[in-house]
Each structure stands twice: as C-alpha cells, then as structure tokens.
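Written below as structure tokens is the structure these notes are about.
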Amino acid sequence: MIYKEFKGYKLSNLGFGAMRLPQNSDGTIDRDAVEEMTAYAITHGINYFDTAYPYHNGMSEIVLGDALSRYPRHSFYLANKYPGHQIASEYHPDEVFEEQLQKCKVDYFDFYLMHNVYEKSIDVYLDEQWGMLDYFVEQKRRGRIRHLGFSCHGEYPVLQRFLDSPYGAHMDFCQLQVNYLDWSLQHADKKCELLRRRNIPLWVMEPVRGGLLANLSADEAAPLLQARPDESVAAWAFRWLQTVPQPTMILSGMSSLAQMKDNIDTFERVSPLSDTEQRLLQAIADGKRNSVPCTA
C-alpha cells in the first residue's frame, strides 16, 4: 500500500468511502459484506474510512461504525461530515455531532468535514447564527475532532470565497472531485492550483466519477487494455491521479470485495501514466463532455 504523510499521520493513499456500500435485494446495506470488506481493507493496509450523515439514509455511519468497532481505535482513521448542505429550517451542529459519535461508536473523529460546500450551501455555513465554525473549532480544541476540513462541489469562486472566509484559517485539508474528466470540465485543475497556493492538502473524491470512468464502452476500453493488459479500466483513473502531485488521500466508494481487491492491487505501487497514455484518456474525456457535471 502506498502511504502519504500528513501532520504526523501515515495515511493509506487509498481510502474506503462508505457512500456506495454493498446492498441486499431490499436496498438495505449488506452488513456481512461490509464486515468482510473492512477486514480485507485493514489486513491489506487501508487505514482511512470515510462516511457522512446522509449516506445510505443515515445507515452508513451505523454499519461502518459496527464493522470498525471490532478493531482497536488507534488502528484506523475515521472521517465524518456535517450536513450543512442539506436544506433545513434550522441547523444544530451540536445535536448532529453527538449523534454521529454515537452511531459510529467512537469518542472522536480523526477527520471531520463541512460537507459539500457549493453555491446553495455556502451561505448556510457562513451564517453566524448557526455557530457552526465556533462549535467545530471547539470540538477540535477538546480533541473530539483531530483535523477539520471541507468537501467542495462548487465552482472556483465558491471555493475561493470559503477559503477567504473565517473558515479558511481553520481548514486542514480540502476534498475535491478530481478525475481526468473533471480536470477541465469542472475546472479541477484551477481548484487544485488554488489549494496548492494556500498550502492546503488535497483529498480526492470521485476518482472514477461514480463508476462512469470504470465502466467504459468496449471501444473506449480497448486501447487502454491493450496498452496495460495487466490493469483494469478503473486502474487507469487512479494511475492518472498519480500524475497529479498533490493528492494525499484518494477516496473510492467501493461496493464489492472485487472492486476493493482491484483497487488495493493498483495502490501497491506507483506507476503514473506516460504522456502517450494520458492522451488516450484525454480522448475519452473529450468524448464525454456532455456527462452530468456531478455524481449522485
């Protein structure tokens, strides 16, 4: 497993995202599968696990918390998020945070994010009447949050505005949607450059664009498989990220043990794409310009 240093932490470069956990036929989370995947992840070097309040209608935190409770607390890093992006008449960060700790069966979160800062949610986060920033900074002071950050799906001006706000001085990291399609389509290149100038470490979400870049057509996949017959189509998206120097953490919302095994194999070594290989992906990206800008 590739590891990255972050403020004294040794983080697996691949993180297990709990947004798309395996499901039973009735739509509930397959707990046995999650426990098997969690065990495999930890055994093979993954030490970063990411969930959020709304994932799987609130069940992701519970199921992941149950699975991780089998392991010593110091053996993994757990990330969670505050749902300020959800439309509500009022916001109570204290109540949500306490609920999240209970659901995840932990006393603290290693990483905690303001979830999905974008055009419609940024005013909620910046509204002082809810006291979000003061509350979470206090939880960090008390050791119940080790590192504060935020995820952002907004355009460049939103990212800049948030970093220029009082939040900016307290953000230890930023999670962005970065992949070879959104590098230009959603101006991820410019957003990453802004983080670099601000010395804010980059966390990557949606590296395979919600599965879109892992499920190419036969015509799109053919030149990739010919160039690297020993690697999957999904691996190409991760290899492309190895040409981007910034990512400390790359999250993948894995839905099966097979996906996890393939991803872990990819992250056993650094093997960035050549210029010729990058042009193959650019051609695929050019053909997908009409894709939906965001993922579910």
Q. Does one side chain, of Thr38 or Arg70, offer a donor that lies under 3.5 Å from an acceptor on the other?
A. no
*asked:* Quick check with a 6.0 Å cut-off and a 45 degree axis cone: is Lys190 positioned over the face of Tyr156's six-membered ring?
replied: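 Not satisfied by the 6.0 Å and 45° rule.
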Is the NZ or CZ atom of Arg146 positioned over Phe111's six-membered ring, under 6.0 angstrom from the centre and within 45° of the axis?
no
* To do: Take Ile87 and Val124 through the side chain to side chain contact (heavy atoms under 4.5 Å, CB included) test and state the conclusion after the steps.
  => CA-CA 9 Å; Ile87 297 175; Val124 172; over 6 Å; no
Practice task
Tell me, with the steps shown, if Arg31 and Met59 meet side chain to side chain contact (heavy atoms under 4.5 Å, CB included).
Solution key: CA-CA 11 Å; Arg31 287 175 174 266; Met59 288 301 297; 3.8 Å; yes
Does this structure show an ion pair linking [X] with [Y], if we count only N-O contacts that are shorter than 4.0 Å?
X      : Y      : answer
Arg144 : Glu98  : yes
Lys103 : Asp66  : no
Asp123 : Arg161 : yes
Asp172 : Lys140 : yes
Arg141 : Glu138 : yes

Measure the shortest side-chain to side-chain distance between [X] and [Y] over non-hydrogen atoms and say whether it is less than 4.5 angstrom.
X      : Y      : value
Tyr40  : Glu36  : no
Met254 : Arg20  : no
Asp110 : Arg73  : yes
Phe49  : Leu68  : yes
Gln242 : Arg269 : no
Val117 : Val158 : yes
Leu251 : Met249 : yes

* For Glu5, does the CD atom sit with more than 12 other heavy atoms under 6.0 Å from it, leaving out its own atoms? -> yes
(Q) Within a 6.0 Å radius of atom CD on Gln129, are there more than 12 heavy atoms belonging to other residues, nucleotides or ligands? (A) yes
Do the ring centers of [X] and [Y] come within less than 6.0 Å of each other?
X      : Y      : value
Tyr112 : Phe136 : yes
Tyr82  : Tyr53  : no
His147 : Phe6   : yes
Phe109 : Phe97  : yes

What do the steps show when you test Asn80 against Thr51 for side chain to side chain donor-acceptor pair (under 3.5 Å), and what is the final call?
CA-CA 5 Å; Asn80 210 332; Thr51 186; 5.0 Å; no
Quiz prompt | Asn179 side chain vs Glu206 backbone, donor-acceptor pair below 3.5 Å | solution =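 Present.
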message = Quick check against the 3.5 Å criterion: does Glu277 have a side-chain atom that pairs as donor or acceptor with the backbone of Ser274?
response =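 Checking the backbone N and O of Ser274 against the side chain of Glu277, a donor-acceptor pair under 3.5 Å is found.
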Intermediate values then yes/no, side chain to side chain donor-acceptor pair (under 3.5 Å), Thr28 and Asp26: CA-CA 6 Å; Thr28 59; Asp26 62 359; 2.6 Å; yes
I would like to know whether Phe162 and Phe150 meet ring-ring contact (aromatic ring centres under 6.0 Å, His included); could you show each step before the answer?
CA-CA 10 Å; Phe162 191 78; Phe150 69 107; 4.6 Å; yes
Quick check on the hydrophobic clustering: are Tyr48 and Val178 connected, directly or via other members, by side-chain heavy-atom contacts under 4.5 Å?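 No; Val178 is not reachable from Tyr48 via cluster members.
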- Is Val106 reachable from Tyr77 through a run of hydrophobic residues whose side-chain heavy atoms are each under 4.5 Å from the next? no
Full working for side chain to side chain contact (heavy atoms under 4.5 Å, CB included) between Trp240 and Thr243: CA-CA 5 Å; Trp240 177 85; Thr243 69; 4.2 Å; yes
Between Trp203 and Phe173, what is the ring plane arrangement, given parallel below 30°, perpendicular above 60°, and tilted in between?
-> tilted
